[in-house]
2 protein chains.
Amino acid sequence: MARKQGSHADITGPKVRDAALRLFARHGFAAVSMRQIAAEVGVQAGALYLYTPDKQALLFELMRDHMEELLADWQAPDAPPTDQLEDFVRHHIRFHLDRPELVFIAYMELRNLTPENFAVIEGLRRDYEDRLEAILRAGQQSGVFAVPDTKLATMALIAMLTGVTTWYREGGRLNRAAVEGIYWDMVRKAVAA
Amino acid sequence: MARKQGSHADITGPKVRDAALRLFARHGFAAVSMRQIAAEVGVQAGALYLYTPDKQALLFELMRDHMEELLADWQAPDAPPTDQLEDFVRHHIRFHLDRPELVFIAYMELRNLTPENFAVIEGLRRDYEDRLEAILRAGQQSGVFAVPDTKLATMALIAMLTGVTTWYREGGRLNRAAVEGIYWDMVRKAVAA
DNA sequence: AGATTATCTGAACATACGTTCAATTCAACT
DNA sequence: AGTTGAATTGAACGTATGTTCAGATAATCT
C-alpha cells in the first residue's frame, strides 16, 4: 500500500501547510509533532518531507509568507497623515481579522525560529512598524498629531490593534465595521494634537 | 553521591520555580524539559518531583500566583474615574515592567494549560479586565469618557499597555517614568469625551 | 556516637520525537 | 500492454521525553 487514489503533489502540498498552520496555532509549534500534522493531512509522517525540508522550514515559511503578504497588501495612500493613519488602522484590523491563526503564530512562535530565520522575520516586522512610524512622524511635524515619542506610539498602537484578534469572534456582539470604527476613533483621539 | 552540601528544601524549592520561570519564558513551556530545569537548578531531574507534582503544575502555579498578585496589588482608589484610570494605567505598566518573564508566560502559555487550569487563569484574567471596565463604565456614565463600547475599550487598552513589555528595555532611551507618562497621555486622550 | 529523616542520585520505564530511505503503488505516457 | 516516475508507505534510526523509585548521602536530633 503506498500511493493513494487521486492524490497529487499540488493537493497534498497546501494541505500540509494548512494542517501545520491550524495545529501550530492551536497547540504551539513545539507541542505539535510531524506525525500529528501527517495524520491531519491523511498521510504518513515520512511523506511530509516531500513538501518541506524540515519542521523548522514549515514554521518559517508560514511566518515569512504572512509578513510579506502584510507588507505587499498595503502602502500609504498619497494623502494627509490623518487619512493615511485611518487607512492603516482599518487595513490592519481587516487583514488581521482575516487571518487570526497566522497572526497568532507570527506573534507567538518567534522564539522557536532559528537565529537566522528570526532575523528575517524581525526585519519584515520592523519594515511594517516603520510604515506606521513614518505616518506618525509626518503628522507630528505638520502639527496634526501630538506624539512625543513616535517609536513608543508605534508600538503602543500596533499592540492595541493586533490585540483585536484575541477577543473578536465572528457573529459576536459587534461586526467588523463597528470594530474598525471604534478602534479608529480611539487611535485618532490618542494621537490627536 | 546524593545529597549535596548546604542544600535544603527552602533553597531548592524557589530555585526550581525560578529556573522554570526563566526557561519557560525564554524557550516556551513545551520546548523546555524537566532535565533542563533540573540542570539549571543543579540537581537531577528526579529531585524536581519533591517540589512539584508534575510539569503542568509548575506552569500553572507560576501563572496563578502571578495573576493573584496582580489582583492583590491594586484596587481602585476612591476617586473620580479619570484619576482611577490614571492609577490603573500607571500601576499596570509598573507591575508588568517589573515581571516581564511572568507576563510573557501568562500571555503565551495559556494553551498549554489543562482545561481545568485554563479556566482558573481565565477567571482571574477576567476579574482584572472587569476592574478596568468598571472604571470606563463609570466615566462613560458620568460623561467624562466617550467609550461607545466599554468591553472593546477594555481589551484595546490592556493590549496596548501590556505590549510595553515587548519593547521596553532597562537603560534604553526612555525611563519608566517617561514611558508611564506617555502611555497615560495616550490612554487619557483615547477615552476622553 | 548513633539513629533518624529530609534530600537527592542514577537508573529504569514506556513512549514519543524528527528524520531517512528502500520498497511499493498507482496515474500517466508510450 | 508495458514502462516510467511521482507519490507514499512503513519500518527503522538514535535520541529525548515525563515520571517513578530503590538506594545512597549528609544534616539534624537524641
Q | Proximal nucleotide (of C:dC8, C:dG10, D:dA7) relative to the B:Q44 side chain | A | C:dG10
Side-chain donor-acceptor contacts of residues 13-25 of chain B below 3.5 Å, not counting sequence neighbours, with atom names and distances?
from: B:R17; atom 1: NH1; to: B:D65; atom 2: OD2; distance (Å): 2.9
from: B:R22; atom 1: NE; to: B:E40; atom 2: OE2; distance (Å): 3.1
from: B:R22; atom 1: NH2; to: B:E40; atom 2: OE2; distance (Å): 3.2

Q | Between P of D:dA7 and CG of A:L48, the distance in whole Å | A | 14 Å
Q: Could you tell me the separation between the CD1 atom of B:I11 and the P atom of D:dA27, rounded to a whole number of Å?
A: 12 Å
Q: Scan nucleotides 12-19 of chain D nucleotide by nucleotide, 5' to 3', and note B when protein non-hydrogen atoms come under 4.0 Å of the base, S if they reach only the sugar-phosphate, - if neither.
A: B----BBB
Q) Any side-chain N or O of B:T12 less than 4.0 Å from the OP1 or OP2 oxygen of C:dT7? A) no
Q. Do B:H66 and B:F95 have ring centres separated by under 6.0 Å?
A. yes
Q: Return the value, rounded to whole Å, for the distance between atom CG of A:L50 and atom C1' of C:dC26.
A: 15 Å
Q. Side chains of B:E133 and B:T150: donor-acceptor distance under 3.5 Å anywhere?
A. yes
Q. Do B:F88 and B:Y128 have their ring centres less than 6.0 Å from each other?
A. yes
For a quick test of your reading: what N or O donor-acceptor pairs under 3.5 Å do the side chains of residues 69-81 of chain A make, sequence neighbours left out?
from: A:E69; atom 1: OE2; to: A:R99; atom 2: NH2; distance (Å): 2.9
from: A:D73; atom 1: OD2; to: A:H91; atom 2: NE2; distance (Å): 3.1
from: A:W74; atom 1: NE1; to: A:D87; atom 2: OD2; distance (Å): 2.9

**Q.** B:R173 CZ to B:N175 CG distance, which is reported to the nearest 0.5 Å
**A.** 11.5 Å
